[in-house]
Amino acid sequence: MTTTPMFELGWRGGATEARLHRRRPGGDALPWGTLDLARYSADQAIEARRIWSNGVFTEYASAAAFSSLATAMLQCGAPVDLIAACADIVVDELFHVELSARLTMELGGATPLAFDLDKIAPLTSPGARPVMRAAEIAITTSCVGESLSVPAIERSRALVREPLVRAVLDRLLADEGQHARLGFWFLDWANDQLTDDERAHLAQLAIDTVEVYAPLWQEPEADGDCDAVLGGHDEAGRQALRDAVERSIARPLERYGIALDAARVATLVAHGT
Ligand SMILES: [Fe+2]
Ligand SMILES: [Fe+2]
C-alpha cells in the first residue's frame, strides 16, 4: 500500500536565509510572541491552526505556479522584465510561506496535511504551444486565483483583531495586488499571438477555474464566532468574492476577447446557490 507523504517544510538558515531577508526585509519586526492563546477556546485554536496550515500550503503552491509560469514565459520569449517580475513573485510567495508558517507555529503548530509534492506544479493542456502554456497558467493562477485571494485576505484583515495576525495579513496584502495583475500584463503582450479558438479555450478554462473556487462564497454560514483569531468568511466576505468574479476577472478578461460564459458566471455568483 502506498501512502501520500505529509506536507513538510525545510529551512536551511545561514547565507540563504540572510539573502531572502535582505530581499524581503521587515519580517522580524512583526509582533511575534504577542498571541495569548489562553484567550481562545480549544476549538478556535484548532480551527486557526487548520486554516493557517492550509494557508502555508496555498502560498507554497502559489510559488510553484508562478515558477512554472516564469518557465513557460521564458519558453515563449515574453518580455524580460515581465519574466523577472514573475520570478520575483515566486520569492514573494516563499516569503509568505515563511510568515504563514511562523504564525502557524505561534498558534500551536501545523495540522497534518497529506500531499504529494510531485503534483504541486499546475498542469497545462497536452500539446499546447509555449505561449498557450503560459497563457493558461497566467489565467488560472493570476487572473483568477490571485484576483480572488485579494478580496479574501482583505476581508480577513478587516475582521481580525489579533495584532500579529493583522500584521501578517497586511504583509501578504501588500504583495497580492501585483500578483493579480501579472496575468493581465502577460495578456497585454501575448494577446495578438492568440487565435480566436485559443481565446475561447482560455475563456472556458477561466470559468472552470472560477467554479473550483466557488465553494468559498457558496459555503453555508459558519455558526458562532470563529473570527476572533484569524478572520474568516462572513457574508460581506462572500459578497466581495462574488463581486470580484465580475469586476476583477470576467470584465477585464473580456477586454482581451476572452469572454466567459455569462450564464455560467451569473449562476456561479447567484445568492443562495
Ligand atoms: Fe501569497
Ligand atoms: Fe500571491
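Whatever order the structure lists them in is the order used to number ligands and atoms, beginning at 1.
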*Is T209 reaching over with its side chain to a backbone N or O of T140, donor-acceptor style, under 3.5 angstrom?*
no

_Other residues, nucleotides, ligands: >12 heavy atoms within 6.0 Å of D36 CG_ = yes

*Picking from I139, L253, N191, what satisfies side-chain contact (heavy atoms from CB on, under 4.5 Å) with F184?*
L253

*If you look at H96, which of its N/O/S atoms is nearest to the Fe ion (ligand 1)?*
ND1

*Please state whether the separation between the Fe ion (ligand 2) and some N/O/S atom of E93 is under 2.8 Å?*
yes

*Could you go through the salt bridge (charged side-chain N to carboxylate O under 4.0 Å, His left out) check for E47 and R50 one step at a time?*
CA-CA 5 Å; E47 177 69 357; R50 193 189 61 72; 3.0 Å; yes

*Backbone N or O of S125 within a donor-acceptor pair of the E136 side chain at under 3.5 Å?*
yes

*Would you name the N/O/S atom of E59 that lies closest to the Fe ion (ligand 1)?*
OE1

*Measuring from the Fe ion (ligand 1), name the closest N, O or S atom belonging to E176.*
OE2

*Metal site the Fe ion (ligand 2): N/O/S of H179 inside 2.8 Å*: yes

